[in-house]
Amino acid sequence: MKGREPVRCDWAAGSEIERDYHDTEWGVPLHDDRALFEFLCLEGAQAGLSWRTVLAKRDAYRRAFGDFDIARCARLTDARIERLLGDAGLIRNRMKIESVRDNARAALEAIADHGSLDAFLWSFVDGRPLRNRWRTRAEVPATTDVSDRMSKALRKRGFRFVGSTICYAFMQATGMVNDHLVGCFRHDAVP
């Protein structure tokens, strides 16, 4: 007899790719500069689209942007960006693709100023995950005062596609905030 399926956040029930992402990555505190940069870029690419779409294209993004090596992305040429606009594996929006280069350049400046992208980004939550106790999806906010501050600071540094809603989704994805619902089996599994 097969065991019962664990209770998950309801958004993760739509597809296998969302379920796997929810069960292994979403909400886990992330402190690697390259991985944080990847999530920042992917959250920006998601603007106006479903996260499932971005997850399905994630491998293509990793190939196109050199596994999100920050220094390499900062050196993207206009010619390379033009070629990427023809890549069907990507969301072919010029501003979103150009934002990877702009965000890499801004990230390098943040690293120079703060020692790491990790130190800069996690400073918005004082280096510790914020732990929420939402019972329903309707309780989960789209933005918070913290995501507002992060967005404003990132935009001031030259980052693009970093509105407050994108910043909050980024914070959820990278474990800066634990927004697994209380009934979800992952709520107590991540800090």
Side-chain angles (χ1 to χ4, degrees), residues 8-77 80-108 110-111 116-118 121-122 129 137 140 142 147 150-151 154 159-180 184 186 189-190:
R8 294 180 176 83
C9 298
D10 58 354
W11 64 262
S15 68
E16 183 177 346
I17 195 168
E18 289 169 306
R19 188 172 51 253
D20 290 346
Y21 170 71
H22 170 274
D23 292 359
T24 61
E25 291 184 78
W26 193 72
V28 176
L30 188 58
H31 292 283
D32 175 77
D33 280 6
R34 186 217 56 80
L36 288 166
F37 178 69
E38 174 181 348
F39 270 102
L40 198 59
C41 293
L42 293 177
E43 291 291 351
Q46 185 266 333
L49 302 169
S50 75
W51 187 241
R52 183 188 316 181
T53 298
V54 174
L55 286 175
K57 293 178 175 286
R58 192 174 187 187
D59 288 338
Y61 268 86
R62 286 176 171 166
R63 281 190 304 276
F65 294 108
D67 203 29
F68 290 95
D69 178 278
I70 299 170
R72 185 173 173 185
C73 288
R75 294 189 305 267
L76 284 169
T77 64
R80 176 70 179 142
I81 288 173
E82 286 300 321
R83 286 193 300 277
L84 291 174
L85 286 167
D87 186 336
L90 304 179
I91 296 161
R92 292 181 287 183
N93 175 299
R94 179 178 299 279
M95 292 189 304
K96 290 179 180 183
I97 290 176
E98 288 176 342
S99 75
V100 173
R101 177 178 59 192
D102 296 342
N103 289 350
R105 291 173 178 171
L108 290 175
I111 291 167
S116 67
L117 190 57
D118 174 60
L121 293 170
W122 277 83
R137 187 177 191 178
V140 181
S147 68
M150 178 186 280
S151 174
L154 290 173
F159 285 89
R160 295 174 53 205
F161 286 93
V162 289
S164 188
T165 302
I166 289 171
C167 285
Y168 195 69
F170 169 79
M171 292 170 65
Q172 292 171 310
T174 61
M176 291 178 190
V177 60
N178 180 351
D179 271 353
H180 285 283
C184 175
R186 295 291 290 158
V190 297

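Here the structure is a predicted model, which means the values were calculated and not measured.
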Heavy atoms of Arg52 and Ser15 approach each other most closely as NE-OG, 3.7 Å

Find the distance between SG (Cys9) and CD (Glu18) and round it off to the nearest 0.5 Å. 12.0 Å

Ala142 and Tyr168 have their tightest heavy-atom pair at O-CB, 3.3 Å

N/O donor-acceptor pair under 3.5 Å between Asp118 side chain and Asp32 backbone: no

Could you tell me whether Glu25 and Arg58 make a salt bridge, using a distance below 4.0 angstrom between a side-chain N and a carboxylate O? yes

Has the side chain of His180 got a donor or acceptor atom that lies under 3.5 Å from a matching backbone atom of Trp26? yes

Output for pair (Arg83 CZ, Asp87 CG), nearest 0.5 Å, gives 11.5 Å

Please round to the nearest 0.5 Å and tell me the distance separating atom CG of Leu90 and atom CG of Leu85. 8.5 Å

Would the distance check show the side chain of Trp122 and the main-chain N or O of Leu30 forming a donor-acceptor pair, the cut-off being under 3.5 Å? yes

Test side chain to side chain contact (heavy atoms under 4.5 Å, CB included) on Glu43 and Phe161; report intermediate values, then the result. CA-CA 8 Å; Glu43 291 291 351; Phe161 286 93; over 6 Å; no

Which value, rounded to the nearest 0.5 Å, describes the distance between Leu55 atom CG and Ile17 atom CD1? 5.0 Å

Backbone N or O of Leu49 within a donor-acceptor pair of the Thr53 side chain at under 3.5 Å? no

Residue Arg92 excluded, over 12 heavy atoms near CZ under 6.0 Å: yes

Arg160 backbone acceptor or donor facing Asn103 side chain under 3.5 Å: yes

N/O donor-acceptor pair under 3.5 Å between Thr24 side chain and Asp20 backbone: yes

Test side chain to side chain contact (heavy atoms under 4.5 Å, CB included) on Met176 and Leu121 and set out the steps. CA-CA 9 Å; Met176 291 178 190; Leu121 293 170; 3.6 Å; yes

Taking all non-hydrogen atoms of both residues into account, name the closest pair between Gly175 and Pro129 and its distance. O-CB, 3.3 Å

Look at the side chain of Arg101 and the backbone N and O of Leu76, then say whether any donor-acceptor pair between them is shorter than 3.5 Å. yes

Leu36 versus Phe170: any side-chain heavy-atom pair under 4.5 Å? yes

For the residue pair Tyr21 and Trp51, does the interplanar ring angle fall in the parallel (under 30°), tilted (30 to 60°) or perpendicular (over 60°) class? tilted

Roughly how far, to the nearest 0.5 Å, is CD1 of Ile81 from CD of Glu98? 5.0 Å

Electrostatic pair Arg186-Asp23, nearest N-O below 4.0 angstrom: no

Between Lys96 and Leu42, is there a donor-acceptor pair closer than 3.5 Å when you use the side chain of the first and the backbone of the second? no

Step by step, would you call Ser151 with Ile166 a side chain to side chain contact (heavy atoms under 4.5 Å, CB included)? CA-CA 8 Å; Ser151 174; Ile166 289 171; over 6 Å; no

First locate atom SG of Cys167, then atom CE of Met171, and finally report the distance between them rounded to the nearest 0.5 Å. 8.5 Å

Could you check whether any side-chain heavy atom of Arg72 comes within less than 4.5 Å of a side-chain heavy atom of Phe65, counting everything from C-beta outward? no

Start with the C-alpha gap between Phe37 and Cys73, add the side-chain angles, then the distance that decides, and say whether side chain to side chain contact (heavy atoms under 4.5 Å, CB included) holds. CA-CA 10 Å; Phe37 178 69; Cys73 288; 4.0 Å; yes

Take the angle between the ring planes of Phe68 and Tyr61 and call it parallel below 30°, perpendicular above 60°, tilted in between. parallel

Side chain of Arg34, backbone of Asp67: donor and acceptor closer than 3.5 Å? yes

Do any N or O atoms from the side chain of Arg8 and from the backbone of Cys184 form a donor-acceptor pair under 3.5 angstrom? no

